[in-house]
**Q** 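One structure, as structure tokens, below. Some questions next.
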Amino acid sequence: MYLSDIHTHSIASGHGTSCTISDMAKEASRKGLKLLGISDHGPGTLASGTSSYFRSLPFCPRKRFGIELFYGVELNILDTEGHIDLSDELLNNLDYAIISMHRQNYRSGSVSENTQAYINAMKHPAVKVLGHCDDSHFPVDYDALAKAAQNEHVIFEINEASLTPGSYRGDTRANAAQILHCALRYKLPVILSSDSHGTGHIGDFTNAAEFVHQFMFPESLILNNQIPRLKVFLQTC
């Protein structure tokens, strides 16, 4: 069992759920998690969190139902220059940011262009996690990403939603294998993420956990159960 999940979405993401942060924390507690990260989509996503929502998060309770809460954002990468959809003022007051590519915000280019977009975006000190960069719609150079991630103190996620059979991201297994191969080569930690929209899949790493275990990826490089280390990592600029 893994004890943390930092890629989850509440009603503020604008799609997929009507669950509040309290609903999410209550379910995380029921499932035995210790730390829950709320990472709602940035304002570039249709009907997602507004600037006022992200401005209010630092004032929200840090514990609900016995669960420690971190408040972040899943940013949209907007172009190859790595522009993102939340201001520095707001990012600097959140605990962490995930950067991702979504088709409504970013038009996929060549492998080189997509890779450079990720590399440019991860230079922001708030960015800690490369979100579902296994997506087959956005091909990248994983070795180049891993080298940049090592320099910028950013990590890959292994995304449960991507590895679920029938995922709209396509068959991501070969890409996820490359991620783990590069993470092992550069001794980069990874995080397993549910990408749960609502309470239904909080802490559910069924496919992700099976995948990393089949790959024989070392537990020492998986941060979900290393809560103190994970917290230090998220809070280090």
Side-chain angles (χ1 to χ4, degrees), residues 1-8 28 31-37 39 67-68 70 72 74 95-100 115 118-119 121-123 125-136 138-165 167 169-196 201-237:
M1 177 179 174
Y2 289 101
L3 301 176
S4 63
D5 189 358
I6 66 167
H7 187 164
T8 70
K31 290 186 174 178
L33 270 65
K34 301 298 182 185
L35 187 150
L36 176 67
S39 55
I67 293 291
E68 188 167 8
F70 272 43
E74 183 179 5
D95 293 317
Y96 65 100
I98 299 168
I99 50 170
S100 302
T115 302
Y118 266 114
I119 289 173
M122 77 170 78
K123 291 176 181 177
V127 172
K128 300 299 178 183
V129 180
L130 302 176
H132 51 74
C133 61
D134 53 13
D135 193 329
S136 60
F138 305 103
V140 295
D141 179 336
Y142 290 103
D143 190 74
L145 279 191
K147 288 178 182 176
Q150 185 180 52
N151 290 335
E152 302 296 339
H153 305 289
V154 173
I155 62 173
F156 290 100
E157 70 171 5
I158 301 300
N159 189 289
E160 174 69 17
S162 293
L163 290 166
T164 299
S167 169
R169 294 177 189 140
D171 187 347
T172 65
R173 290 172 295 177
N175 291 341
Q178 286 194 62
I179 288 171
L180 292 179
H181 178 76
C182 290
L184 197 55
R185 177 186 298 169
Y186 294 103
K187 298 297 186 287
L188 287 173
V190 303
I191 191 84
L192 306 188
S193 300
S194 72
D195 203 354
S196 183
H201 296 285
I202 288 176
D204 179 2
F205 308 118
T206 304
N207 296 286
E210 181 182 5
F211 191 84
V212 296
H213 294 153
Q214 286 177 346
F215 196 85
M216 293 186 289
F217 194 78
E219 287 288 334
S220 62
L221 289 177
I222 301 174
L223 292 183
N224 296 73
N225 281 355
Q226 302 179 56
I227 303 294
R229 184 182 175 194
L230 175 60
K231 289 165 63 175
V232 168
F233 171 77
L234 293 177
Q235 294 170 332
T236 301
C237 293

**Q** Return yes if some donor-acceptor pair links the side-chain N/O of His213 with the main-chain N/O of Ala209 below 3.5 Å, else return no.
**A**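 Side chain of His213 to backbone of Ala209: a pair is present.
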
**Q** For residues Asn159 and His7, determine if any side-chain heavy atom of one lies less than 4.5 Å from a side-chain heavy atom of the other.
**A**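 SC-SC contact between Asn159 and His7 confirmed.
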
**Q** Where is the tightest heavy-atom contact between Thr172 and Asp134, given as atom of each residue plus distance?
**A**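 Where Thr172 meets Asp134 most closely, the heavy atoms are CG2-O, 3.6 Å.
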
**Q** Any pair with a residue in residues 222-231 that passes salt bridge (Lys or Arg N to Asp or Glu O under 4.0 Å), sequence neighbours left out, goes on the list, sorted by first then second residue, please.
**A**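 Found Glu68-Lys231.
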
**Q** Side chains of Ile191 and Ile158, heavy atoms from C-beta outward: is any pair under 4.5 Å?
**A**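 SC-SC contact between Ile191 and Ile158 ruled out.
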
**Q** Determine the minimum heavy-atom distance between Ile155 and Phe233, stating which atoms define it.
**A**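 Smallest heavy-atom distance, with atoms named: CG2-CZ, 3.6 Å.
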
**Q** If every non-hydrogen atom of Ile202 is compared with every non-hydrogen atom of Ser196, which pair is closest and at what distance?
**A**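 In this case the closest contact between Ile202 and Ser196 is N-OG, 3.3 Å.
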
**Q** So, do Leu33 and Ile67 sit near enough that their side-chain heavy atoms are less than 4.5 Å apart?
**A**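 Yes. Closest side-chain heavy atoms under 4.5 Å.
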
**Q** Given side chains that start at C-beta, do those of Phe156 and Leu145 come closer than 4.5 Å, heavy atoms only?
**A**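 Contact flag for Phe156/Leu145 side chains = yes.
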
**Q** Around atom CE of Met216, are there more than 12 heavy atoms of other residues, nucleotides or ligands at under 6.0 Å?
**A**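 Check fails, neighbour count at 12 or below.
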
**Q** Please check this pair: side chain of Asn225 against backbone of Met1, looking for a donor-acceptor N/O pair closer than 3.5 Å.
**A**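 Checked: pair present.
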
**Q** Test side chain to side chain contact (heavy atoms under 4.5 Å, CB included) on Leu36 and Thr8 and set out the steps.
**A** CA-CA 8 Å; Leu36 176 67; Thr8 70; 3.8 Å; yes

**Q** Taking Leu192's backbone N and O only, do any of them form a donor-acceptor pair with Glu160's side chain (distance below 3.5 Å, no angle check)?
**A**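 Such a contact is absent between Glu160 side chain and Leu192 backbone.
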
**Q** Would you name the heavy atoms of Gly170 and Ser136 that are closest together and state the gap between them?
**A**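 Closest approach of Gly170 to Ser136: CA-OG, 3.7 Å.
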
**Q** In terms of heavy-atom contacts, does NZ of Lys34 have more than 12 from other residues, nucleotides or ligands at under 6.0 Å?
**A**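 Not buried by this count: 12 neighbours or fewer within 6.0 Å.
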
**Q** Which pairs with one or both residues in residues 171-191 pass salt bridge (Lys or Arg N to Asp or Glu O under 4.0 Å), sequence neighbours excluded?
**A**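 Salt bridge (Lys or Arg N to Asp or Glu O under 4.0 Å) check on residues 171-191 returns Asp143-Arg185, Asp171-Arg173.
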
**Q** For the residue pair Asn207 and Pro165, establish whether any side-chain heavy-atom pair is separated by less than 4.5 Å.
**A**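 Side chain of Asn207 against side chain of Pro165, heavy atoms only: contact under 4.5 Å found.
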
**Q** Just wondering, do Leu35 and Phe70 contact through their side chains at under 4.5 Å, heavy atoms?
**A**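 Heavy-atom side-chain distance check passes, below 4.5 Å.
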
**Q** Supply the atom-to-atom distance Ile98 CD1 to Met122 CE, rounded to the nearest 0.5 angstrom.
**A**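 CE of Met122 is found 14.0 Å from CD1 of Ile98.
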
**Q** Could you tell me whether the side chain of Lys123 and the main chain of Glu152 form a donor-acceptor pair under 3.5 Å?
**A**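 No; judged by distance alone, with no hydrogens or angles, the pair does not exist.
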
**Q** Please report the interatomic distance CG(Leu3) to NZ(Lys31), rounded to the nearest 0.5 Å.
**A**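 Rounded to the nearest 0.5 Å, the CG-NZ separation comes out at 14.0 Å.
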
**Q** So, do Cys133 and Tyr118 sit near enough that their side-chain heavy atoms are less than 4.5 Å apart?
**A**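 A side-chain contact exists here, since the closest heavy-atom pair is under 4.5 Å.
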
**Q** How about Glu157 and Val190: do any of their side-chain heavy atoms sit closer than 4.5 Å?
**A**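 Side-chain contact under 4.5 Å: no.
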
**Q** Given the rule in the side chain to side chain contact (heavy atoms under 4.5 Å, CB included) test, do His181 and Phe215 qualify, once you have shown the distances and angles that lead to the verdict?
**A** CA-CA 9 Å; His181 178 76; Phe215 196 85; 4.1 Å; yes

**Q** Locate the shortest heavy-atom distance separating Ala144 from Ile119; write the atom from each residue and the value.
**A**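 Minimum heavy-atom separation between Ala144 and Ile119: O-CD1, 4.1 Å.
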
**Q** I'd like to know if the side chain of Ser193 and the backbone of Asp195 have a donor-acceptor N/O pair within less than 3.5 Å.
**A**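 Side chain of Ser193 to backbone of Asp195, a donor-acceptor pair under 3.5 Å: no, none is there.
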
**Q** With salt bridge (Lys or Arg N to Asp or Glu O under 4.0 Å) as the rule and sequence neighbours excluded, what pairs involving residues 203-225 come up?
**A**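 Residue pairs passing salt bridge (Lys or Arg N to Asp or Glu O under 4.0 Å), neighbours aside: none found.
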
**Q** Can you tell me how far apart OG (Ser162) and NE2 (His132) are? Round to the nearest 0.5 Å.
**A**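 Ser162 OG to His132 NE2: 6.5 Å, rounded to 0.5 Å.
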
**Q** Please list, chain by chain and in numerical order, all residues satisfying salt bridge (charged side-chain N to carboxylate O under 4.0 Å, His left out) with Asp95, sequence neighbours excluded.
**A**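 Scan of Asp95 (salt bridge (charged side-chain N to carboxylate O under 4.0 Å, His left out), adjacent residues dropped) gives Arg62.
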
**Q** Can you see which heavy atom on Ser4 is nearest to which on Leu230, and at what distance?
**A**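 Looking at all heavy atoms of both residues, the closest pair is OG-CD2, 3.5 Å.
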
**Q** Output all residues satisfying side chain to side chain donor-acceptor pair (under 3.5 Å) with Asn224, sequence neighbours left out; order by chain, then residue number.
**A**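 None.
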
**Q** Output all residues satisfying side chain to side chain donor-acceptor pair (under 3.5 Å) with Ser194, sequence neighbours left out; order by chain, then residue number.
**A**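 For Ser194, the residues satisfying side chain to side chain donor-acceptor pair (under 3.5 Å) (neighbours in sequence not counted) are Asp5.
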
**Q** Measure the NZ-OG1 distance between Lys147 and Thr115 for me, rounded to the nearest 0.5 Å.
**A**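 That separation rounds to 12.0 Å.
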
**Q** I'd like to know if the side chain of Tyr96 and the backbone of Ile6 have a donor-acceptor N/O pair within less than 3.5 Å.
**A**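 At least one qualifying donor-acceptor pair exists.
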
